[in-house]
Q: 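What follows is a structure written as structure tokens; I'll ask about it next.
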2 protein chains.
Amino acid sequence: MPLEKSRASSSTKKRVRDAEATKLRILEAAKKEFARNGLEGARVDTIALDAKANKRMLYHYFKSKDGLFRTVLEREYLNIREEETRLDLENLPPRTALETLVRFTWEYYIANPEFITLVNSENLCQAAHIRNSPTLKTISQKFVRRIQSLLDRGVRENIFRDGIDAAQLNITIASINYYYFTNRFTGSVIFERDFTAPEALEERIAFNIETICRLVCKN
Amino acid sequence: MPLEKSRASSSTKKRVRDAEATKLRILEAAKKEFARNGLEGARVDTIALDAKANKRMLYHYFKSKDGLFRTVLEREYLNIREEETRLDLENLPPRTALETLVRFTWEYYIANPEFITLVNSENLCQAAHIRNSPTLKTISQKFVRRIQSLLDRGVRENIFRDGIDAAQLNITIASINYYYFTNRFTGSVIFERDFTAPEALEERIAFNIETICRLVCKN
DNA sequence: TGTGTAAGTAACTACATGGTGCGTTGTGCG
DNA sequence: CGCACAACGCACCATGTAGTTACTTACACA
């Protein structure tokens with residue numbers, strides 16, 4: 001946020017003009033619109049309208065539709081990694097830490113359904129927006145290292161199997177949770193059940209925790 | 001195909017007009033275009049051009065862009081289920097059958113990368129095109145029943161654990177394979193490896209088979 | 001209190017889009 | 001043969017699209 005300025009409390013004085021607030025409103029509206037309709041399906045006019053901002057401001061702050069998408073996506077990645085960091089896996093017993101991680105992923109997708117659709121859009125265009133993002137690479141490295149050290153700790157304590165690759169495990173944890181949500185509409189047709197019904201959700205998260213524990217834990 | 005007609009061998013006489021062939025060319029071009037750019041990103045002009053057909057024919061045969069997408073998608077679902085049926089899982093030992101199924105799913109996604117993107121598009125619009133497809137429901141039921149009977153057989157032979165739900169297992173098998181491919185672009189950035197390198201593919205399919213066997217098999 | 005600068009607006013443009021009206025031509029069949 | 005109909009082609013339309021031009025207005029700071 002290079003434009004950040006020192007400024008008196010916003011409650012004491014009503015601001016008609018507020019660059020930061022406008023930017024945030026645009027980003028929130030963009031997140032919704034991009035998530036709902038995809039990158040190509042999203043309409044900049046809709047975003048501007050929903051953000052109660054002029055379309056010109058959108059181009060002023062983010063250069064282009066793609067620039068806006070890039071910013072939205074990067075913020076979303078930062079957000080999930082940040083929340084993940086707060087899990088404090090380091091101070092939990094390995095098996096509990098693993099379960100916590102799986103459950104966190106699951107609950108994050110429920111609480112942030114936009115994340116999945118945004119990532120899908122980014123993959124449709126072959127990661128064109130984040131391909132060269134050093135920020136993303138840095139936080140991702142940190143993330144993989146954390147899981148690797150959890151695995152190592154579990155092996156030392158003779159609870160986890162040896163030789164499991166942290167990246168593969170991460171991918172698997174993400175996949176069994178992610179797929180269920182991203183394909184919940186075709187899934188509900190194919191399997192003739194409501195994927196978002198509370199019982200269905202309960203059953204699935206239990207199944208997923210079982211899957212990961214059987215993969216990683218001894219016995 | 002209600003317009004199917006009896007007709008002499010196409011090799012004996014050059015046909016300038018061939019409705020079936022034109023339809024197929026349109027469907028193939030549409031599959032490519034929809035898979036590459038998504039439903040909203042796809043251009044009907046591009047499809048017509050690539051199919052070497054006039055745009056008018058596209059609307060004549062498929063009514064609308066959405067009608068075309070629906071047809072493409074339904075054909076893709078029929079195709080994967082048909083190939084799956086040919087696996088002859090019934091006559092393999094349970095564990096081999098399970099591994100065969102996982103490997104088939106994996107290889108199908110490699111050979112038919114369009115399938116994944118088309119399904120993603122359909123989920124972006126909340127399965128609007130296939131929601132009321134009785135064909136799809138019928139073949140899906142058959143598919144789930146086949147897996148359930150494989151599970152039952154494995155339990156009877158004391159090789160599989162009891163109480164595993166066929167739908168959950170199906171979802172998990174699909175997810176660990178599907179996710180890897182659909183998110184290979186962002187994945188390659190995040191994990192700093194080429195997801196499509198031969199060694200990476202080898203490693204992943206081995207990991208996936210291990211995951212499923214550990215989930216389903218005893219010991 | 002005046003002023004430079006950044007926030008904000010409205011009306012526009014150039015063009016691409018999905019979809020059609022209507023005319024032409026090849027062909028299977030009586 | 002000749003005719004009815006299906007396959008096909010061209011030119012067009014109304015609308016929606018990302019992006020821009022030229023302008024006004026609020027506010028921080030001197």
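We name chains A, B, ... by the order of the sequence lines, and we start the count at 1 in each one.
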Q: Rounding to a whole Å, what distance do you find between A:Phe62:CZ and D:dA18:C1'?
A: 16 Å

Q: If I take atom CD in residue B:Glu33 and atom C1' in nucleotide C:dG18, what distance separates them, rounded to the nearest angstrom?
A: 13 Å

Q: Please state how far atom CD in A:Glu40 lies from atom C1' in D:dA18, giving the value in whole angstrom units.
A: 11 Å

Q: B:Arg17 CZ to D:dA7 P: how many Å, rounded?
A: 9 Å

Q: Among residues 44-52 of chain A, which ones have heavy-atom contacts with DNA chain D below 4.0 Å?
A: A:Val44, A:Asp45

Q: So, does A:Ser64 get its side chain near the phosphate of D:dA18, meaning an N or O under 4.0 Å from OP1 or OP2?
A: no

Q: Give me the bend of the helix from C:dT1-D:dA30 to C:dG30-D:dC1, using the axes of the five pairs at each end, rounded to 10°.
A: 10°

Q: Want to settle it: does A:His60 or A:Lys55 sit nearer the 5' end of DNA chain C, counting the closest nucleotide to each?
A: A:His60

Q: NZ/A:Lys65 to CG/A:Leu58 distance, rounded to the nearest 0.5 angstrom?
A: 10.5 Å

Q: Which one, D:dC10, D:dA22, C:dG8, comes nearest to the side chain of A:Arg56?
A: D:dA22

Q: Checking contacts here: which listed nucleotide (D:dA18, C:dT9, D:dC8) is nearest the side-chain heavy atoms of A:Tyr59?
A: D:dA18

Q: Starting from C1' on D:dA7, measure out to CG on B:Leu24 and report it in whole angstrom.
A: 15 Å

Q: Check whether the ring centres of A:Phe69 and A:Phe34 lie less than 6.0 Å apart, and answer yes or no.
A: yes

Q: Would you kindly give the CE-to-P distance between A:Met57 and D:dG19, to the nearest whole Å?
A: 17 Å

Q: What's the CG-P distance between B:Leu58 and C:dG18, to the nearest Å?
A: 10 Å

Q: A:Lys63 or A:Arg43: which one's nearest nucleotide on DNA chain D is closer to the 5' end?
A: A:Arg43

Q: Would you list the pairs meeting side-chain hydrogen bond (donor to acceptor under 3.5 Å, both in side chains) in which at least one residue belongs to residues 104-116 of chain A, sequence neighbours left out?
A: A:Asn79-A:Tyr108

Q: Should B:Lys31 and B:Glu76 count as an ion pair when the cut-off is N to O under 4.0 Å?
A: yes

Q: Taking 4.0 angstrom as the limit, do B:Glu122 and B:Arg131 come out as a salt bridge?
A: no

Q: State, without any angle test, whether B:Ser133 and B:Glu74 hold a side-chain donor-acceptor pair at a distance under 3.5 Å.
A: yes

Q: Between B:Glu82 and B:Arg86, does any NZ, NE, NH1 or NH2 come within less than 4.0 Å of an OD or OE carboxylate oxygen?
A: yes

Q: Answer with yes or no whether the side chains of A:Asn91 and A:Asp88 bring together a donor and an acceptor at under 3.5 Å.
A: yes

Q: How many Å lie between CD1 on B:Ile26 and C1' on D:dA7, as a whole number?
A: 11 Å

Q: Please determine, by modelled atom types, if B:Arg204 and A:Thr172 share a side-chain donor-acceptor pair under 3.5 angstrom.
A: yes

Q: With a non-hydrogen cut-off below 4.0 angstrom, is B:Ala21 in contact with a base, only sugar-phosphate, or nothing?
A: nothing

Q: Decide, yes or no, whether a salt bridge links B:Lys52 with B:Asp18 under the criterion of side-chain N to carboxylate O below 4.0 Å.
A: no

Q: For D:dA6, does OP1 or OP2 lie under 4.0 Å from any side-chain N or O of B:Tyr61?
A: no

